[in-house]
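Worksheet: one structure, shown below.
In what follows, every heavy atom counts, from backbone to side chain, and hydrogens, waters and symmetry copies are set aside. Per chain, numbering begins at 1; letters A, B, ... match sequence-line order.
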Amino acid sequence: MSEKETPVPSNFIRKIISEDLRNNKNDGRVHTRFPPEPNGYLHIGHAKSICLNFGLAAEYQGNCNLRFDDTNPEKEDTEYVESIKANVRWLGFDWQENEYFASDYFDKLYQFALDLISQGKAYVDSLSAEDIREYRGTLTSPGKPSPYRDRSVEENLSLFEQMRDGKIEEGSAVLRAKIDMASPNINMRDPVIYRIRKARHHRTADKWCIYPMYDFTHCLSDAIEGITHSVCTLEFEDHRALYDWVIDNLDTPSRPYQYEFARLNLDYTVLSKRKLIELVREGHVNGWDDPRMPTIAGIRRRGFTPASIRDFCNRIGVTKSDTRIDISVLENTLREDLDKRAPRAMAVLKPLKVVIENYPESEDEELDAANHPQNPDMGKRKVPFSRVIYIEQDDFMEDAPKKFFRLSLGREVRLRYAYFITCTEVIKNEQDEVIELRCTYDPATKGGNAPDGRKVKGTIHWVSEAHAVKAEVRLYDRLYTEANPEQGGRDSREVLNPASVEILSGALLEPSLALAKVEDHFQFERLGYFCADSKDWDSDKPVFNRAVTLRDTWGKMNR
RNA sequence: UGGGGUAUAGCCAAGCUGGUUAAGGCACGGGGUUUUGAUCCCCGGAUUCCCAGGUUCGAGUCCUGGUACCCCAGCCA
């Protein structure tokens with residue numbers, strides 16, 4: 001993380017921490033954690049949380065734990081823990097030896113539950129799930145106590161033990177905290193803190209058949225790890241009262257506090273696990289790492305860099321207001337990062353043949369091209385030139401308006417790093433489509449400058465036919481046609497963008513590009529930033545993904 | 001009158017205990033440089049901070065009353 005990134009702006013959590021430090025709370029310690037559940041892949045929304053938690057720890061010389069919140073054996077798997085670790089590492093964060101699992105605390109958690117029971121603050125409820133829901137009341141009416149609410153401590157202890165020993169059927173008993181069935185906060189109406197799940201856990205195997213619930217586990221895990229600031233998203237605001245209740249009613253090694261911030265919403269994308277799974281399962285995308293997916297794996301494959309994502313997370317801020325970020329903010333952090341780092345190269349996506357009639361038939365030559373126009377340290381390379389080249393179809397227009405600074409019949413343009421050429425003839429097929437151009441070149445303009453001081457309006461990119469490398473280039477666009485795909489409760493599948501990917505199998509690259517390594521980034525001049533695909537790249541068939549286009553004021557004018 | 005939150009330019013977002021001209025970024029518009037219509041460099045926008053009252057010499061910041069939007073009734077996290 002040596003690159004210069006936008007300084008982290010102030011936010012309310014920073015302010016709280018600074019205040020705590022001023023009061024020497026927690027002996028001046030700052031300890032955060034990133035607590036994913038290993039039941040799915042991380043996405044850009046998680047990146048916000050990762051950057052926040054690790055960023056806070058770094059700024060205040062504290063630590064940030066990576067803790068897997070694995071209390072639901074039926075949904076979790078080690079496959080996810082591996083991918084999560086890889087993603088966090090890729091983003092540039094290091095949790096060092098601070099890797100934990102809530103499942104490592106099952107014994108302690110069990111003891112805490114026993115303590116609560118002994119204090120008369122928890123009881124085993126034998127109501128069915130449906131009855132519990134019934135008894136809980138509604139948002140506007142209070143709940144009523146379960147008939148099992150006043151079981152004796154001894155009976156509860158014995159029943160809980162039977163739960164643990166597998167003597168009670170799944171679903172026929174749970175452990176509940178005894179708080180207040182009439183609380184206006186539904187989370188406080190005797191929340192379930194342990195349930196029976198006769199399922200194999202990915203780490204504890206068959207040791208347990210009772211598993212603690214999130215609200216009981218999370219706060220105690222924080223306390224066990226000495227977390228000082230437990231940062232989570234807004235939907236847990238209502239749970240804070242329960243978080244505090246558990247901590248306050250048990251003898252814990254430390255006293256953590258929970259703070260909530262707004263989760264990320266991004267234009268033209270969807271970030272709920274359920275929706276993401278749906279996209280994959282129904283085949284709207286090709287897997288979790290499809291470059292259109294907002295998953296870390298997807299945006300990585302698309303060509304985003306860790307620095308650009310960190311920068312993005314810093315720019316969007318941390319608040320409690322429910323907002324939606326303009327996709328251009330993300331795109332722009334990538335452009336900024338890659339503009340200074342990505343080598344330039346030429347590639348023609350939709351080729352149009354050009355024959356330079358006065359260029360010798362059997363000849364070719366190598367021209368010098370800068371790898372980065374502003375940074376000579378990135379060196380130069382040779383680009384082969386010959387009589388037959390290809391240019392971009394979009395760079396020719398037959399009836400061109402005055403403002404069209406590219407090639408047209410009778411007009412002269414510069415071929416980047418090569419020569420000025422003038423179009424002399426347009427060849428069409430029976431469908432009246434332009435299939436070839438005949439041009440002449442001015443040998444005196446080699447390298448791209450005219451000795452007579454003649455100026456040319458446009459510079460276009462090109463590739464020599466004899467030397468070109470054929471490649472597949474995938475152009476990606478937003479996955480949805482609406483900024484907020486789920487607006488008004490609509491099914492986001494109704495607004496899927498049918499043109500979210502365009503595969504060009506006949507793209508032509510300058511030869512240097514064939515030497516790219518997987519995940520290498522380039523700017524294809526005048527087109528955008530591209531990344532060598534990590535999955536389908538083959539030395540026989542290069543595959544590039546377009547991560548983001550260049551800014552295009554010409555394109556904008558024409559829209 | 002269930003409870004918990006949020007409201008500052010098109011989109012984000014600073015704004016400490018109330019004090020001259022309401023940061024910054026993205027987007028947008030204009031101009032300059034340029035062998036990428038890219039980059040880079042200038043310049044531009046809120047008499048106004050959800051609304052209405054009030055307190056005050058002075059309020060985005062305090063008070064009162066509204067309005068809009070988000071979250072909560074898993075033995076998910």
Given the options A/T78, A/D104, A/D70, A/R203 meets side chain to side chain donor-acceptor pair (under 3.5 Å) only with A/D104

Would you measure the distance from the P atom in B/C50 across to the matching atom in B/A22 and give it in whole Å? 16 Å

Counting distance only, does the side-chain N/O of A/Q487 pair as donor-acceptor with the main-chain N or O of A/E482 below 3.5 Å? no

Residues in salt bridge (charged side-chain N to carboxylate O under 4.0 Å, His left out) with A/E130, at least two apart? none

Reckon A/E237 touches a base, only the sugar-phosphate, or nothing at all at heavy-atom distances under 4.0 Å? sugar-phosphate

Classify every nucleotide of nucleotides 68-77 of chain B by which part a protein heavy atom approaches to under 4.0 Å, writing B for the base, S for the sugar-phosphate alone and - for neither, in 5'-to-3' order. --SBBBSBSB

For B/A9 and B/G2, measure between their P atoms and round to the nearest Å. 31 Å

Using the C1' atom as the point on both nucleotides, what is the distance between B/U64 and B/G24, in whole Å? 34 Å

P gap between B/A23 and B/G45, integer Å: 10 Å

Quick check: A/W554 with A/F405 (ring centres under 6.0 Å apart)? no

A/K556 vs B/C28: side-chain N/O to OP1/OP2 distance below 4.0 Å: yes

Centroid-centroid distance, A/F385 to A/Y419, less than 6.0 Å: yes

Using whole Å, report how far CD of A/Q258 lies from P of B/G5. 12 Å

Quantified in whole Å, what is the P atom distance between nucleotide B/U56 and nucleotide B/C51? 23 Å

Looking at A/K455, does any N or O in its side chain come under 4.0 Å of the phosphate oxygens OP1/OP2 on B/U34? no

With A/E76, which residues qualify under salt bridge (charged side-chain N to carboxylate O under 4.0 Å, His left out), at least two apart? none

Salt bridge (charged side-chain N to carboxylate O under 4.0 Å, His left out) involving A/R281 - partner list, sequence neighbours excluded: none

Ring centres of A/Y214 and A/H218 under 6.0 Å apart? yes

Regarding A/K403, tell me which of base, sugar-phosphate or nothing describes its non-hydrogen contacts under 4.0 Å with the strands shown. base

Going by side chain to side chain donor-acceptor pair (under 3.5 Å), name the residues that satisfy it together with A/S146, two or more places apart in sequence or in a different chain. A/D125

Hey, does A/Y417 reach any base, or is it just sugar-phosphate, or nothing, if we go heavy atoms under 4.0 Å? base

For B/A13 and A/T319 - does any side-chain N or O of the residue sit under 4.0 Å from the phosphate oxygens OP1/OP2? yes

Value in whole Å for how far the P atom of B/G29 lies from CE of A/M557: 11 Å

Quick check on RNA chain B: between A/R414 and A/R335, whose nearest nucleotide comes earlier from the 5' end? A/R335

Return the value, rounded to whole Å, for the distance between atom CD1 of A/I316 and atom P of B/A14. 12 Å

Does B/G37 have its OP1 or OP2 closer than 4.0 Å to a side-chain nitrogen or oxygen of A/R526? yes

Expected output check: what is the dot-bracket annotation of RNA chain B, where ( ) and [ ] are pairs inside the strand (brackets for crossing ones), | is paired with another strand, and pairs are Watson-Crick or G-U under 3.5 Å? .((((((..(((......[....))).(((((.......))))).....(((((..]....))))))))))).....

Distance check, C1' atoms only: B/U17 and B/G60, in whole angstrom units. 16 Å

If we take the C1' atom in both B/A7 and B/A73, what is their distance in whole Å? 27 Å

How long is the line joining CZ of A/R263 and P of B/G5, in whole Å? 18 Å

Atom CG of A/L330 to atom P of B/G25: distance rounded to whole Å? 18 Å

Salt bridge (charged side-chain N to carboxylate O under 4.0 Å, His left out) filter on A/R406, not counting sequence neighbours, yields A/D395

How is A/R189 classified with respect to the nucleic acid when contacts are heavy atoms under 4.0 Å: base, sugar-phosphate, or nothing? nothing

What is the nucleic acid contact for A/F404, judged by heavy atoms within less than 4.0 Å: base, sugar-phosphate only, or nothing? base

Of all the nucleotides listed (B/G37, B/G15, B/G10), which has the minimum atom distance to the side chain of A/K15? B/G15

Determine the Euclidean distance between corresponding P atoms of B/C43 and B/G37; express it in Å to zero decimal places. 25 Å

Atom-pair distance (CE on A/M188; P on B/G4), nearest Å: 13 Å

Starting at the 5' end of RNA chain B and moving along, which residue's nearest nucleotide shows up first, A/R240 or A/E525? A/R240

What's the base orientation of B/G74: syn (chi within 90° of 0) or anti? syn

Distance-only donor-acceptor test (3.5 Å): side chain A/R315, base B/G24: no

Rounded to whole Å, how long is the line connecting atom CZ of A/F405 with atom P of B/U34? 14 Å

Starting from P on B/U36, measure out to CG on A/L550 and report it in whole angstrom. 11 Å

Is any side-chain nitrogen or oxygen of A/N332 closer than 4.0 Å to OP1 or OP2 of B/G25? no

Would you indicate, yes or no, if B/G5 has its OP1 or OP2 atom less than 4.0 angstrom from a side-chain nitrogen or oxygen of A/S321? no

Does anything in residues 179-190 of chain A pair up under salt bridge (Lys or Arg N to Asp or Glu O under 4.0 Å), and if so which pairs, sequence neighbours excluded? A/R149-A/D190

Residues that A/Y135 engages under ring pair (Phe, Tyr, Trp, His ring centres under 6.0 Å), provided they are two or more places apart: none

